[in-house]
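Data block below; observations after.
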Amino acid sequence: MWDERFSADVYVYGCEPSQFLVQQMQLLGQKPRRVLTIGEGEGRNGVYLARLGHDVHAVDGSIEGQKKAQKLAKAQHVSLDYTVADLAEYQFAGQFDLMVMIFCHLPLALRAQVHRQMCEHLAPGGVIIYQAYSPWQLQLGTGGPKKREMLVELSELQQDFKELNLLTCRQLQKNVVEGIYHTGMADVVEMVAKRPQLH
């Protein structure tokens, strides 16, 4: 499905980064970090982070997404380390100062597995920036999966990332206009979580 969607000539989620990601990066400051972006798709978020000077590692299941991300990176004079892999089999390697998971919707069991790896591979002082559609999004129909189990409950984030400091963890309705598949008022969960520094 994703190869088919990403094979379109246009960038179906646009070339601009997630508005939420941009807001959070402005708060975090620009110190170069080792970054992992999960479900990177066509590269809009990874390329933005690379432009800020970060060492960006991206993972996604779509080779068509990888091709478009590399094309976007080249056009903006940056580079991404982009791995095409099934997240059910992908093993995180090393520690990351920043992890980004934006509108990457997975089945519940796989989502729990990915969340667990995110916690295990987040460096001391590291931050996770996470945004997804909530189950209430089904009533709005302005983007995202049509299966409820693919949508993320706020309580799930609070449970799965409880060992971290939750700087932001909220559910809200906001206007999301990001390409042709995310357009209009949306019901989202948003989280920013930080691992405490070692003393």
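Keep in mind that what you see is a predicted model, and the values were worked out from it rather than measured.
Residues Leu164 and Cys119 share a closest heavy-atom pair of CD1-SG, 4.3 Å. Of all heavy-atom pairs between His105 and Ala132, the closest is NE2-CB, 3.6 Å. Nearest approach of Val188 to Gln131, heavy atoms of both residues: CG2-NE2, 4.4 Å. Between Ala73 and Leu80 the shortest heavy-atom distance is CB-CG, 4.4 Å. In this structure, Leu151 and Pro145 approach most closely via the heavy-atom pair CD2-CD, 3.7 Å. Taking both residues in full, the closest heavy atoms of Pro107 and Met150 are given as N-SD, 3.5 Å, listed atom of the first, atom of the second, then distance.
The aromatic rings of Tyr130 and His115 stand perpendicular to each other, their planes meeting at an angle above 60°, with 30° marking the opposite boundary.
With hydrogens and angles disregarded, no donor-acceptor distance shorter than 3.5 Å links the side chain of Gln76 to the backbone of Arg51. Side-chain atoms of Gln117 come within 3.5 Å of backbone atoms of Tyr90 as a donor-acceptor pair (strictly under, hydrogens ignored). Side chain of Arg148 to main chain of Leu138: no donor-acceptor pair is present (N/O by atom type, distance under 3.5 Å, no hydrogens or angles). For Lys194 (side chain) and Val192 (main-chain N/O), no donor-acceptor pair under 3.5 Å exists by modelled atom type. With Gln137 contributing its side chain and Asp187 its backbone, the two residues share a donor-acceptor pair below 3.5 Å. For Asp97 (side chain) and Gly126 (main-chain N/O), no donor-acceptor pair under 3.5 Å exists by modelled atom type. A donor-acceptor contact shorter than 3.5 Å is absent between the side chain of Thr83 and the backbone of Ala85. No donor-acceptor pair under 3.5 Å is formed between the side chain of Ser134 and the backbone N or O of Val152. Side chain of Ser18 to main chain of Leu21: a donor-acceptor pair is present (N/O by atom type, distance under 3.5 Å, no hydrogens or angles). Distance alone, capped at 3.5 Å, is enough to place a donor-acceptor pair between the Asp86 side chain and the Ala88 backbone.
Criterion: ILVMFWY side-chain heavy atoms under 4.5 Å apart, direct or through other members. Under it, Ile102 and Val22 are part of a common hydrophobic cluster. Placement of Val100 and Phe161 in two distinct hydrophobic clusters is found when ILVMFWY residues are connected by side-chain heavy-atom separations under 4.5 Å, directly or transitively. Two different hydrophobic clusters hold Met99 and Tyr48 under the rule that ILVMFWY side chains link at heavy-atom gaps under 4.5 Å. When the side chains of ILVMFWY residues are joined at heavy-atom separations under 4.5 Å, either directly or via intervening members, Val56 and Val127 end up in a single hydrophobic cluster. A continuous path of Ile, Leu, Val, Met, Phe, Trp and Tyr side chains, each step under 4.5 Å between heavy atoms, connects Leu110 with Val59, placing both in one hydrophobic cluster.
For the atom pair CZ of Arg116 and NE2 of His121, the computed distance is 11.0 Å after rounding to the nearest 0.5 Å. Taken to the nearest 0.5 Å, the CD atom of Glu153 stands 13.0 Å off from the CD atom of Gln159. To the nearest 0.5 angstrom, Lys162 atom NZ is 11.5 Å from Gln158 atom CD. In this structure, Asn45 CG and Glu16 CD are separated by 10.5 Å, a value rounded to the nearest 0.5 Å. Atom-to-atom distance recorded for Gln19:CD and Gln24:CD is 12.5 Å, nearest 0.5 angstrom. With values rounded to the nearest 0.5 angstrom, Gln173 atom CD is found 9.0 Å from Thr142 atom OG1.
Considering only heavy atoms from C-beta on, Leu49 comes within 4.5 Å of Thr37 through its side chain. Counting only heavy atoms from C-beta outward, the side chains of Leu166 and Met191 approach each other to under 4.5 Å. Looking at Gln95 and Pro124, their side chains come closer than 4.5 Å, going by heavy atoms from C-beta outward. Val35 is not listed as a side-chain neighbour of Asp55, based on a closest heavy-atom distance of 4.5 Å or more. You'll find the side chain of Val47 reaches within 4.5 Å of the side chain of Val78, heavy atoms only.
The pair Arg195-Glu163 counts as a salt bridge, with a side-chain nitrogen and a carboxylate oxygen less than 4.0 angstrom apart. Ion pairing between Glu156 and Arg111 holds under the 4.0 Å rule for side-chain N and carboxylate O.
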task: Step by step, work out the side chain to side chain contact (heavy atoms under 4.5 Å, CB included) result for Leu154 and Cys169.
output: CA-CA 7 Å; Leu154 188 63; Cys169 197; 3.7 Å; yes

message: For Lys174 and Glu190: C-alpha separation, side-chain torsions, deciding distance, then whether salt bridge (Lys or Arg N to Asp or Glu O under 4.0 Å) applies.
response: CA-CA 11 Å; Lys174 67 194 300 185; Glu190 296 178 340; 2.6 Å; yes

- request: Any chance you could lay out the side chain to side chain contact (heavy atoms under 4.5 Å, CB included) test for Met118 and Phe96, step after step, and finish with the verdict?
  value: CA-CA 9 Å; Met118 291 171 79; Phe96 296 91; over 6 Å; no

query: Which is it for Met25 and Leu98 under the side chain to side chain contact (heavy atoms under 4.5 Å, CB included) test, yes or no, and what are the steps along the way?
result: CA-CA 10 Å; Met25 291 307 295; Leu98 175 66; 3.7 Å; yes

message: If you apply the rule side chain to side chain contact (heavy atoms under 4.5 Å, CB included), what do you find for Leu157 with Ser155, and how did you get there?
response: CA-CA 5 Å; Leu157 293 181; Ser155 58; over 6 Å; no

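The aromatic ring centres of Tyr82 and His57 sit 6.0 Å or more apart.
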